[in-house]
Amino acid sequence: MNYYSLNHNSPKVNFAEASLRGQAPDKGLYFPEHIPQVPKDFIANIRNYSKEEIGFTVMKPYVGETIADTDLQKIVNETINFDFPLVKISENISSLELFHGPTLAFKDVGARFMSRCLGYFNRHAYHKTTVLVATSGDTGGAVANGFLGVDGVDVIILYPSGKVSKIQELQLTTLGQNITALEVNGTFDDCQAIVKQAFMDDDLNQKINLTSANSINVARWLPQQLYYFFAYQQWQEDQAPIVSVPSGNFGNICAGILAHVSGLPVKHFIAACNANDVVPQYLQTEQYTPKPSIATVSNAMDVGNPSNFIRILELFNQQFSSLKNKMSSISVDDINTTETIKEVFQQYHYTLDPHGAVAYYALENCLQNSPSGAIGCKGYILETAHPVKFPETVEDAIGRSIEFPEQVQHLLSAEKKSIIMQADFNNFKEWLMSR
Ligand SMILES: *Cc1c(COP(=O)(O)O)cnc(C)c1O
């Protein structure tokens, strides 16, 4: 399998090169040259396969010969070594819980797969690789955890001081080993600006082998397809599901659509957005207008120019009408988001996090109001983070405190270690050069 750049101005590369580069030299996103088809009888008999077998079958064509089969199976097994339960909330809506991984975020799967692939591709490399990540909360934890202890890779995380939740900060700052947390006196945008400048700085790039772990990397994007296969394995209804995905950079939903194009039954996709409504607007007007991001209670989706949206268009061969048939999108405000958390808790005793709540509201709205035959249909949401990661919003809405799940109990007694830094590139550069 080869990958081409969506800017069409770079050579095609295999999976190894696409994941080592992240972005093509022409700054385009890599896209698979063809969409492999999952065998029909595999889908029909999906209950008979283990999730490890599903993982290998789905990923193998994308990886091609760049990773030996036994190593790929090992990488897959380690990537998905926790549960992905599909839990019924109401008669018509279930929740695919993607927060049972080590950092309680769905990003664990992409980060674990990518880190192990990079470790594999770098296994004979003489030079260390340094991964730089700016995070507003969830990405940093998942990436740091994914890379923890991977040989030959150093991870440096920049996070805005005082602007991530308590658990998120502990997840970033207590790992040690090859993970270093920089606590930046500034905003997430400042952190991201420093990282971007670092990738363009000649001195740094001559001295250090820098890589990004951001979500456009194919090794982070492609394994997210597995969620949708795992959900289908647990799906009990005759009709294919309607799937509602809380979306920010649109990597997750794009992976779901890819799974569907490769043969997985899905009736309809809903891209559930918060106040950042570039895609809902696009589906109404056919005009794509990026905007500065707006802060919301579902902050992992505060994205004003979703980087993966261009891949979704490519999956529909740039045909607006086919996209509109298969995917709808709505924008849900903070009031409806917190009301949803409250109502779902009161009615069904299920605690949503703010991102899952956006998806729930969007799905319920679709099931109730859609003229397009959604009435009588059933669906599921992707619950992308554990509610304990957003305690203020959730506890306010449900009127009680949430317990820390087992995976993070140990954090409460762990010691925070961070390096405090001004939001200044030269300062950062000096520090990095002298390590
Ligand atoms: C990253 C994230 C999202 C958005 O996923 P995209 O793939 O960027 O659309 C949604 N919810 C949570 C909790 C996240 O961390």
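Hydrogens, waters and symmetry mates play no part in the numbers below; they use all other heavy atoms, side chains included. Both ligands and their constituent atoms are indexed starting at 1 by order of listing.
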Q: Going by heavy-atom distance to atom 5 (O) of ligand 1, choose the closest among Trp221, Phe106, Phe309, Phe390.
A: Phe106
**Q.** Minimum-distance protein heavy atom relative to atom 4 (C) of ligand 1
**A.** Gly248 N, 3.6 Å
Q.
Check Asp353 with Lys389, please: is the shortest side-chain N to carboxylate O separation under 4.0 Å?
A. no
Q: Before accepting this row, confirm whether a basic side-chain N of the pair Glu91/Lys378 lies closer than 4.0 Å to the acidic partner's carboxylate O.
A: yes
Q. Is Asp71 salt-bridged to Arg116, cutoff N-O under 4.0 Å?
A. no
Q) Considering only heavy atoms of Ser247, which atoms of ligand 1 have at least one such atom less than 4.0 Å away? A) 9 (O)
**Q.** Protein heavy-atom partner closest to atom 7 (O) of ligand 1 - residue, atom, separation in Å
**A.** Asn252 N, 2.9 Å
Q. Do Lys163 and Ser136 touch side chain to side chain, with heavy atoms closer than 4.5 Å?
A. no
Q. Counting each atom of ligand 1 from 1 as listed, which ones have a heavy atom of Asp138 under 4.0 Å away?
A. 13 (C), 15 (O)
Q. Looking at Glu169 and Lys416, does any basic side-chain N land under 4.0 Å from a carboxylate oxygen?
A. yes
Q.
Please report whether ligand 1 has a polar contact with Met301, defined as an N or O pair separated by less than 3.5 Å (distance criterion only).
A. no
**Q.** Proximal atoms of ligand 1 relative to Ala385 (non-hydrogen, under 4.0 Å)
**A.** 13 (C)
Q) Can Lys12 and Glu33 be counted as an ion pair, charged N to O under 4.0 angstrom? A) yes
Q.
I need the nearest protein heavy-atom contact for atom 1 (C) of ligand 1: residue, atom name and distance, please.
A. Lys107 NZ, 1.4 Å
Q. What atoms of ligand 1 come within less than 4.0 Å of a heavy atom belonging to Pro246?
A. 4 (C), 10 (C)
Q) So do the side chains of Thr211 and Leu118 get within less than 4.5 Å of each other, counting heavy atoms only? A) yes
**Q.** Where ligand 1 meets Gly251 - atom numbers and elements under 4.0 angstrom, heavy-atom basis
**A.** 6 (P), 7 (O), 9 (O)
Q. Which protein heavy atom lies closest to atom 8 (O) of ligand 1, and at what distance to 0.1 Å?
A. Asn249 N, 2.8 Å
Q | Protein contact of atom 13 (C) of ligand 1 - nearest heavy atom, named by residue and atom, plus distance | A | Thr384 OG1, 3.3 Å
Q: Please test Tyr4 against Glu314 for side-chain hydrogen bond (donor to acceptor under 3.5 Å, both in side chains), starting from the C-alpha separation and ending with a verdict.
A: CA-CA 12 Å; Tyr4 59 92; Glu314 190 75 358; 2.6 Å; yes
